[in-house]
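Please read the structure below before turning to the comments.
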There are 2 protein chains.
Amino acid sequence: MKIGEASELSDLPAKTIRYYEDIGLVQSDRLDNGYRDYSKQQIHKLRFIQRSRSLGFTVEQCRTLLSLYDDPDRSSADVRALAENHLEEIEQKIQELAAMRDTLSQLIKSCQGDHRPDCPILNDLAGSK
Amino acid sequence: MKIGEASELSDLPAKTIRYYEDIGLVQSDRLDNGYRDYSKQQIHKLRFIQRSRSLGFTVEQCRTLLSLYDDPDRSSADVRALAENHLEEIEQKIQELAAMRDTLSQLIKSCQGDHRPDCPILNDLAGSK
DNA sequence: ACCTAGCCTTCCACAAACAGGAAGGTTATG
DNA sequence: CATAACCTTCCTGTTTGTGGAAGGCTAGGT
């Protein structure tokens, strides 16, 4: 199976698949003409990565997850620890964004948004109390 | 005032201030020895940028905000539109992260996290239903 | 036989927003 | 006069890809 089909099946752009190969995340076989050739196994890995990335894991975390997946002697505690770590980061990010959201919506509410230059948003950014 | 003090007053690393100058966001005067020299006005701008960045505006948005701030003929509607735009992006990001969080915490909950290799997290990533 | 379309290849450049570090100049102080 | 604490410029690396150039392979149509 060539990269175009692998792309559709894995829901990853061909360019991204080549990139993942570049950084050693997934290998590929080659046809006689030099085209990349993917087995079902490799498509499976690509989908695994796609799913992991969609949950926000970094590429390096995906690398670790893949190696855990490939290791029959893994302990689920390791996987869980990785996931918990990631979850905490996500939750922290949400907190930060929520704080921004709250401040911003306050500011927006207080701004008339008309043709006049007077603007509480700019006043706030400028540090005027 | 030299960059060290400007850094403390603006709560921006000196390195970042130099970077902002590089990309034309804030200028600086120079002393005879070549050191950067900042006026109160310029510190004020740096703080404006710091505050804007802390609310998640991109550097380019900061550039626009600064130019609006400097323009006495601006209309507050323009500022407000920019802020609303940004707010929507933040809210969308929060939605995405919340979805990740929900999925992840479900998966974590379902995983024993012990010495055994059996792991629902990996199973999910692998696409097994 | 030739042309075109649609695949595929490699390689290079760019994105955002800085951080780290090298190599070296300046200034105040002990 | 040496040292510390500033400051300077310049180069590299980070993360995760995307866009494009230049060119090879293959099938189908005329």
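To find a chain, count down the sequence lines: A is the first, B the second, and so on, and within it residues start at 1. What you see is a predicted model; the values in this text were computed from it and never measured.
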Residues A:K93, A:E89: salt bridge by 4.0 Å N-O rule | no
How do B:R30 and A:P13 order along DNA chain D: which one's closest nucleotide is nearer the 5' end?
-> B:R30
Answer yes or no: does a side-chain N or O of B:T16 lie under 4.0 Å from OP1 or OP2 of C:dA17?
-> no
Give, for atom OG of B:S7 and atom NZ of B:K15, the distance between the pair rounded to the nearest 0.5 Å.
-> 12.5 Å
Please figure out whether B:R53 or B:Y35 has its closest DNA chain C nucleotide nearer the 5' end.
-> B:R53
Nearest whole angstrom, please: distance from the C1' of C:dA19 to the CG of B:D22.
-> 14 Å
What closest approach, in Å, do A:Q50 and A:D11 show between heavy atoms, and which atom pair accounts for it?
-> CG-O, 3.7 Å
Please give, in whole Å, the distance from C:dT27 P to B:D37 CG?
-> 13 Å
Rounded to the nearest Å, what distance is computed from the OH atom of residue B:Y20 to the P atom of nucleotide C:dA16?
-> 13 Å
C:dA17 P sits how many Å from B:L12 CG, rounded?
-> 14 Å
Assess whether atom CZ of A:R63 is packed by more than 12 heavy atoms of other residues, nucleotides or ligands within 6.0 Å.
-> yes
In whole angstroms, the gap separating P of C:dA16 from CD1 of B:I49 amounts to 16 Å
Between B:R18 and C:dA17, does any side-chain N or O lie under 4.0 Å from OP1 or OP2?
-> no
Do B:R80 and A:D114 sit within salt-bridge range, that is, some charged N less than 4.0 Å from a carboxylate O?
-> no
Are the charged groups of A:R116 and A:D118 less than 4.0 angstrom apart, N to O?
-> no
Could you say whether A:K15 or B:Y19 is positioned toward the 5' end of DNA chain C, judged by the nucleotide with the nearest heavy atom to each?
-> A:K15
Are B:K45 and B:D70 within salt-bridge range, i.e. N to O under 4.0 Å?
-> yes
Where chain A begins and ends its contact with DNA chain D, read 5' to 3' at 4.0 Å from heavy atoms = D:dT16 to D:dT26
Would you classify A:I23 as touching base, sugar-phosphate or nothing, given that sugar-phosphate means primed atoms plus P, OP1 and OP2, and contacts are heavy atoms under 4.0 Å?
-> nothing
Counting only side-chain N and O atoms of B:N33, is one of them less than 4.0 Å from OP1 or OP2 of C:dT27?
-> yes
Could you state the CZ-C1' distance from B:R36 to C:dT26, rounded to the nearest angstrom?
-> 15 Å
